[in-house]
Undergrad: 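This structure is in structure tokens; I'll ask about it shortly.
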Amino acid sequence: MTAQELHAKVQATKRFLNREIVRQKTSGGDGLLTFREIGDRLDMIHEAERIGVRNLDERKNRKLARMIRELEKSRNVSLN
């Protein structure tokens, strides 16, 4: 996955997670993920944005890409 593709996926994932937070707050905690899971994933995204997606080392790059793939597969979500 190139840096541009990863950046696009990160932005889509971030939008999805923020929508999930709003959905949980408005529906009384009924959502796909818990607040802790959403927070952990958003922390990972914020750290990647702080460093810069292009400047991530291989381990962090793989970890971020794996988290995005896991969200797409296990939650049946399209992040496009």
Undergrad: Could you work out, with side-chain hydrogen bond (donor to acceptor under 3.5 Å, both in side chains) as the rule, every residue matching E49, not counting sequence neighbours?
TA: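 Scan of E49 (side-chain hydrogen bond (donor to acceptor under 3.5 Å, both in side chains), adjacent residues dropped) gives Q11, K14.
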Undergrad: Scan the side chains in residues 51-62 for donor-acceptor partners under 3.5 Å anywhere in the protein, sequence neighbours excluded, and list what turns up.
TA:
from, atom 1, to, atom 2, distance (Å)
N55, ND2, I51, O, 3.3
D57, OD1, K60, N, 3.0

Undergrad: Please check if the side chain of H46 supplies one atom and the backbone of L42 the other of a donor-acceptor pair under 3.5 Å.
TA: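 Such a contact is found between H46 side chain and L42 backbone.
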Undergrad: Say you draw a straight line from NZ of K9 to CZ of F16; how long is it, rounded to the nearest 0.5 Å?
TA: 12.5 Å
Undergrad: First locate atom CD1 of I38, then atom CG of L71, and finally report the distance between them rounded to the nearest 0.5 Å.
TA: 9.5 Å
Undergrad: Rounded to the nearest 0.5 Å, how far does CG of D43 lie from CZ of R36?
TA: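 The distance works out to 10.0 Å.
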Undergrad: Taking atom CZ of R23 and atom CG of N18, what is their separation to the nearest 0.5 Å?
TA: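 Here the rounded value is 12.0 Å.
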Undergrad: Using a strict threshold of under 4.0 Å (side-chain N to carboxylate O), is an ion pair present between R41 and E70?
TA: yes
Undergrad: To the closest 0.5 Å, what do you measure between CD (E20) and OG1 (T13)?
TA: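 Rounded to the nearest 0.5 Å, the CD-OG1 separation comes to 12.0 Å.
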Undergrad: Measure the CD1-CD1 distance between I68 and I45 for me, rounded to the nearest 0.5 Å.
TA: 6.0 Å
Undergrad: Among residues at least two apart in sequence or on other chains, which ones pass side-chain contact (heavy atoms from CB on, under 4.5 Å) with R50?
TA: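 side-chain contact (heavy atoms from CB on, under 4.5 Å) list for R50, sorted by chain: E47.
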